[in-house]
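To keep things clear, I will list the structure first and then write my remarks on it.
Positions are given from 1, in the same order as the sequence printed here.
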Amino acid sequence: MATTPPVAAPLLIACALGIERLALRKGKRGGAAGPVTVLRTGMGPLAADRAVDRALADPALRDAAVLATGFCAGLAPGMHPGDLVVAEETRDARGRTPCVGTDLLVKELVRAVPGRTVHTGPLTGSDHVVRGHERSELLTIGAIAVDMESAATLHSALRAGARPVAAVRVVVDAPEHELVRIGTVRGGISAFRVLRAVLPAFFEWHRSLLLPRR
């Protein structure tokens, strides 16, 4: 008797900003292993938490793998706008959330965006834009980047049920390239172009999961 091949669960890609969603929508959409939803959560951890809760309450997304993405602030010296961050875990006041498939994401991102540096390590969450000494303090406790939504997105996803989760961010500013400085527009354009190119890597990550529907 022939066996039915496993059907991949849906993929939910969560980002906060309209400009991030625009970049993702302009990316290559072919090659997905299953249904893909790009969710704009709004800014901040509370908005992300609520938006992901609502999305995963939809029966069509019940088993979805969840990937948080968008822009972030790099914390480590030597980071540049357009660099990529693949989280090994996300952190916030509620604890740490391990990410799935980090090595595969790194491999696929190198292929999708050749020439860009990919950093791996802890991605920490904040409820506000982090600047100056706060960045230095986060770096001393091991974080390599910070954003406001990834940790909340993954925490909410797992609260709704066991599933693979991951976070990939594009550095839009870094210690030597803070947002308040001249050159921000150039850094933002670079980050937008990189985010536009990463969808194939996300699809390969999703394809590797082959989560059967229950």
Side-chain angles (χ1 to χ4, degrees), residues 11-32 36-45 47-48 51-52 66-87 90 99 102 105-121 123-126 128-131 135 143-154 166-206:
L11 172 61
L12 178 66
I13 301 173
C15 61
L17 305 176
I19 190 67
E20 295 166 339
R21 183 171 62 178
L22 177 63
L24 293 165
R25 286 184 169 178
K26 284 182 173 290
K28 296 179 180 178
R29 300 303 296 266
V36 178
T37 298
V38 177
L39 172 70
R40 179 185 174 187
T41 65
M43 286 185 64
V52 173
V66 175
L67 192 150
T69 195
F71 305 135
C72 71
L75 301 175
M79 282 184 160
H80 296 89
D83 284 3
L84 286 144
V85 173
V86 178
T90 58
C99 296
T102 299
L105 277 168
V106 171
K107 174 184 174 183
E108 294 300 331
L109 287 167
V110 168
R111 180 181 300 173
V113 197
R116 292 293 178 177
T117 302
V118 182
H119 307 267
T120 59
L123 174 63
T124 196
S126 175
H128 60 280
V129 175
V130 175
R131 300 191 187 281
R135 294 190 181 193
I144 64 167
V146 58
D147 76 272
M148 292 194 288
E149 296 84 25
S150 291
T153 293
L154 301 198
V168 175
R169 291 275 170 171
V170 182
V171 174
V172 73
D173 69 326
E176 293 86 5
H177 306 271
E178 285 204 22
L179 285 172
V180 294
R181 297 185 180 183
I182 296 173
T184 296
V185 172
R186 182 180 301 173
I189 292 172
S190 176
F192 179 90
R193 288 174 175 166
V194 171
L195 187 59
R196 188 175 59 188
V198 297
L199 277 177
F202 296 173
F203 295 161
E204 286 303 316
W205 175 80
H206 182 221

- Mind checking what makes side-chain contact (heavy atoms from CB on, under 4.5 Å) contact with Leu17, not counting sequence neighbours? Ile19, Glu20, Met43
- Contacts of type side-chain contact (heavy atoms from CB on, under 4.5 Å), residue Thr120, not counting sequence neighbours: Val86, Glu88, Thr102, Val106
- Do Val36 and Phe202 have side chains that get closer than 4.5 Å, going by heavy atoms? no
- Note: Ala51 and Leu39 closest approach over all heavy atoms is O-CD2, 3.8 Å
- Message: Tell me whether Arg116 contacts the main-chain N or O of Asp83 through its side chain, where contact means a donor paired with an acceptor under 3.5 Å.
- Response: no
- dist Cys15:SG -> Leu22:CG (nearest 0.5 Å) comes out at 10.0 Å
- When rounded to the nearest 0.5 Å, the distance separating CE of Met79 from CG of Asp173 is 11.0 Å
- Query: Is there a donor-acceptor contact under 3.5 Å from the side chain of Ser150 to the main chain of Ala68?
  - Reply: no
- Message: Within this structure, what is the CZ-OG1 distance for the pair Arg21 and Thr69, rounded to the nearest 0.5 Å?
- Response: 14.5 Å
- Message: For Phe192 versus Ala23, what's the shortest heavy-atom pair and its separation?
- Response: CE1-CB, 3.5 Å
- On a heavy-atom basis, the closest approach of Leu123 and Ala167 is CD2-CB, 4.0 Å
- Message: I'd like to know if the side chain of Arg169 and the backbone of Val85 have a donor-acceptor N/O pair within less than 3.5 Å.
- Response: no
- Note on the structure: Rounded to the nearest 0.5 Å, the CE atom of Met148 sits from the OG1 atom of Thr124 at a distance of 13.0 Å
- Nearest non-hydrogen partners of Cys72 and Asp147, listed with the distance: CB-CB, 4.1 Å
- All heavy atoms of Cys99 vs all of Leu154, minimum pair found to be SG-CD1, 3.8 Å
- Task: Could you please spell out the steps behind the side-chain contact (heavy atoms from CB on, under 4.5 Å) verdict for Thr37 and Ile13?
- Result: CA-CA 6 Å; Thr37 298; Ile13 301 173; over 6 Å; no
- Message: Are the side chains of Leu11 and Phe203 in contact, using a 4.5 Å heavy-atom criterion?
- Response: yes
- Query: Are any of the side-chain heavy atoms of Leu12 and Leu67 separated by less than 4.5 Å?
  - Reply: no
- In chain order, what residues pass the side-chain contact (heavy atoms from CB on, under 4.5 Å) check against Ala151, with sequence neighbours excluded? Thr90, Asp92
- Query: Do you know the tightest heavy-atom contact between Val198 and Val194?
  - Reply: CG1-O, 3.2 Å
- Message: How long is the straight-line distance from OG1 of Thr117 back to CG of Leu84, given to the nearest 0.5 Å?
- Response: 9.0 Å
- Item | Exam field: side chain Glu149 to backbone Ala16, donor-acceptor pair closer than 3.5 Å | no
- Task: Would you check, one step at a time, whether the test side-chain contact (heavy atoms from CB on, under 4.5 Å) holds for Val118 with Leu105?
- Result: CA-CA 10 Å; Val118 182; Leu105 277 168; over 6 Å; no
